[in-house]
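The structure under discussion appears below in the form of structure tokens.
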Number of protein chains: 2
Amino acid sequence: MHYNRIFANRRKILTMSAQKKTDDFLKEYDLRSTGCRRDVLSLFISEPYALSQAFFEENLHHQYDRVTIYRTLKSFLDAGFIHKVLDDTGGSKYALCSEDCTREHHRDGHVHFKCKQCGKTICMEKISIPAFHFPGSYQAEEINVLVTGICDQCGYESGK
Amino acid sequence: MHYNRIFANRRKILTMSAQKKTDDFLKEYDLRSTGCRRDVLSLFISEPYALSQAFFEENLHHQYDRVTIYRTLKSFLDAGFIHKVLDDTGGSKYALCSEDCTREHHRDGHVHFKCKQCGKTICMEKISIPAFHFPGSYQAEEINVLVTGICDQCGYESGK
DNA sequence: TTATTTTTGCATCAATGTTGCATAAAATTC
DNA sequence: GAATTTTATGCAACATTGATGCAAAAATAA
């Protein structure tokens with residue numbers, strides 16, 4: 001059974017013990033189980049958003065060096081179970097892959113919504129990216145769609 | 001006659017004298033005509049790609065301070081005749097708007113293609129972004145589509 | 001438990017985004 | 001056209017992020 005599949009449904013994996021799930025998951029991807037990796041992975045599981053490096057640094061109370069978090073994210077990207085999500089302010093965010101992505105190919109296939117108010121980037125897993133047709137010898141490999149606006153929550157709160 | 005319209009077709013404006021076109025254009029947008037602004041604008045006209053700040057610095061031979069170029073781009077963004085284009089490597093690029101965008105609303109409406117080989121970001125003006133339908137009270141304001149892959153030119157050259 | 005391999009923390013550097021302030025340049029007024 | 005007002009520029013400075021080298025520490029294998 002592929003842990004990728006398990007991750008496709010966060011609810012499932014959340015029933016496993018915290019230590020075991022991250023431990024097993026990391027080993028599945030040939031990554032050593034270290035404190036930083038377990039903690040970063042746990043945050044990915046508990047937060048259903050695309051997360052920035054700064055988010056991890058703050059939420060782990062600067063327990064780990066920023067380079068370590070940077071390299072942790074890089075190892076997760078290389079392993080292929082997170083993907084990079086574009087951000088309109090230049091930086092990058094990262095999110096768990098919800099489908100079977102290969103290391104090179106991250107057609108996560110869904111739209112990302114960044115709220116201008118709360119700043120959160122939400123994976124709109126229900127909204128898939130349509131096929132685009134390019135002329136001539138253009139070879140598309142990855143497609144990123146970033147929508148900015150006001151999210152559900154913020155729209156409801158300010159909308160009276 | 002709106003200069004925005006003129007810009008919609010680069011060929012047209014290229015027939016005007018270099019000095020006059022940038023001068024008039026800037027004034028149309030209530031921007032003072034300065035050396036840096038004219039030069040940056042000229043590059044936007046001559047290069048049919050989304051350009052990075054570094055591109056301007058290099059191509060203007062570091063004639064202007066990087067902060068000046070940064071602020072020039074910002075003033076152009078505020079004026080509303082360029083829009084920010086996402087880049088997969090974190091940074092931002094900028095491109096002339098080819099439609100009438102308002103200051104706040106930059107539905108430039110087309111797909112951007114970034115070539116992994118030559119690094120250029122091409123505005124695929126022919127490929128429009130479809131409408132996405134968001135649930136609940138999500139309010140989409142801007143939609144950015146960034147496709148990475150191999151462009152026409154690079155694909156052709158390496159492809160035989 | 002020891003040996004091997006990988007990860008971490010720290011130092012360091014480059015690039016980029018951003019602001020404040022004094023000076024320079026552009027537009028406006030006389 | 002000279003003086004005045006307004007705005008832009010250059011420079012210093014600082015924050016954030018991406019990235020690499022290296023010795024020490026931790027994780028796995030033997």
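Computed from a prediction, not measured in an experiment: that's the story for all the values here. All heavy atoms count here, side chains included; hydrogens, waters and symmetry mates do not. Just so it is clear: chains get the letters A, B, ... in the order the sequence lines come, proteins before strands, and each one is counted from 1.
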Open item on the list: Is the phosphate of D:dA19 approached by A:Tyr70 (side-chain N or O, under 4.0 Å from OP1 or OP2)?
Closed with: yes
Task: Separation of D:dT7 C1' from B:Asp30 CG (nearest whole Å) - done: 13 Å
TODO: Starting from C1' on C:dT8, measure out to CZ on A:Arg32 and report it in whole angstrom.
DONE: 12 Å
Open item on the list: With a 4.0 Å limit, can you tell me whether A:Thr68 has a side-chain N or O closer than that to the phosphate oxygens OP1/OP2 of C:dG9?
Closed with: yes
Open item on the list: In this structure, how many angstroms lie between the C1' atom of C:dA26 and the CG atom of B:Leu26, rounded?
Closed with: 12 Å
Task: Euclidean distance, atom CD1 of residue A:Ile69 to atom P of C:dG9 [Å, nearest integer] - done: 9 Å
- [ ] May I have the distance from A:Asp88 (atom CG) to C:dG17 (atom P), rounded to whole angstrom?
- [x] 13 Å
- [ ] Kindly work out whether a path of hydrophobic side-chain contacts (I/L/V/M/F/W/Y, heavy atoms less than 4.5 Å apart) joins A:Ile122 to A:Leu96.
- [x] yes
Task: Earlier contact from the 5' end, DNA chain D, for B:Thr89 and A:Gly35 - done: B:Thr89
Task: Phosphate OP1/OP2 of D:dT20: any A:Lys74 side-chain N/O under 4.0 Å - done: yes
TODO: Output all residues satisfying ring pair (Phe, Tyr, Trp, His ring centres under 6.0 Å) with B:Phe113, sequence neighbours left out; order by chain, then residue number.
DONE: A:Phe134, A:Tyr138
- [ ] Give a yes-or-no answer on whether the side chains of A:Arg38 and A:Ser33 include a donor-acceptor pair shorter than 3.5 Å.
- [x] yes
Task: B:Asp88 and A:Lys84 ion-paired at < 4.0 Å - done: no
Open item on the list: Quick check on the 6.0 Å ring-centre criterion: do A:Tyr70 and A:Phe56 meet it?
Closed with: no
Task: Distance test, side-chain N/O of B:Gln53 to OP1/OP2 of C:dG17, below 4.0 Å - done: yes
Task: Along DNA chain C (nearest heavy atom to each residue), the more 5'-positioned of B:Leu31 and A:Arg37 - done: A:Arg37
TODO: Mind calculating the distance between CG (B:Asp65) and P (D:dA13) to the nearest angstrom?
DONE: 14 Å
TODO: Kindly say if A:Thr34 contacts the phosphate of C:dT6, meaning a side-chain N or O under 4.0 Å from OP1 or OP2.
DONE: no
TODO: Looking only at side-chain atoms of B:Val67, point me to the closest of D:dT9, C:dT19, C:dT16.
DONE: C:dT19
Task: A:Tyr64 OH - C:dC10 P separation (whole Å) - done: 14 Å
TODO: Can you check whether any acceptor in the base of C:dG9 is under 3.5 Å from a donor in the side chain of A:Arg71, or vice versa?
DONE: yes
TODO: Can you tell me the distance, in whole Å, between the CG atom of A:Leu73 and the P atom of C:dT7?
DONE: 14 Å
- [ ] Report the residue (B:Lys27 or B:Ser92) whose heavy-atom-nearest nucleotide on DNA chain C is the more 5′ of the two.
- [x] B:Ser92
Open item on the list: Can you see if the side chain of B:Lys93 gets near the phosphate of C:dT16 - specifically, an N or O under 4.0 Å from OP1 or OP2?
Closed with: no
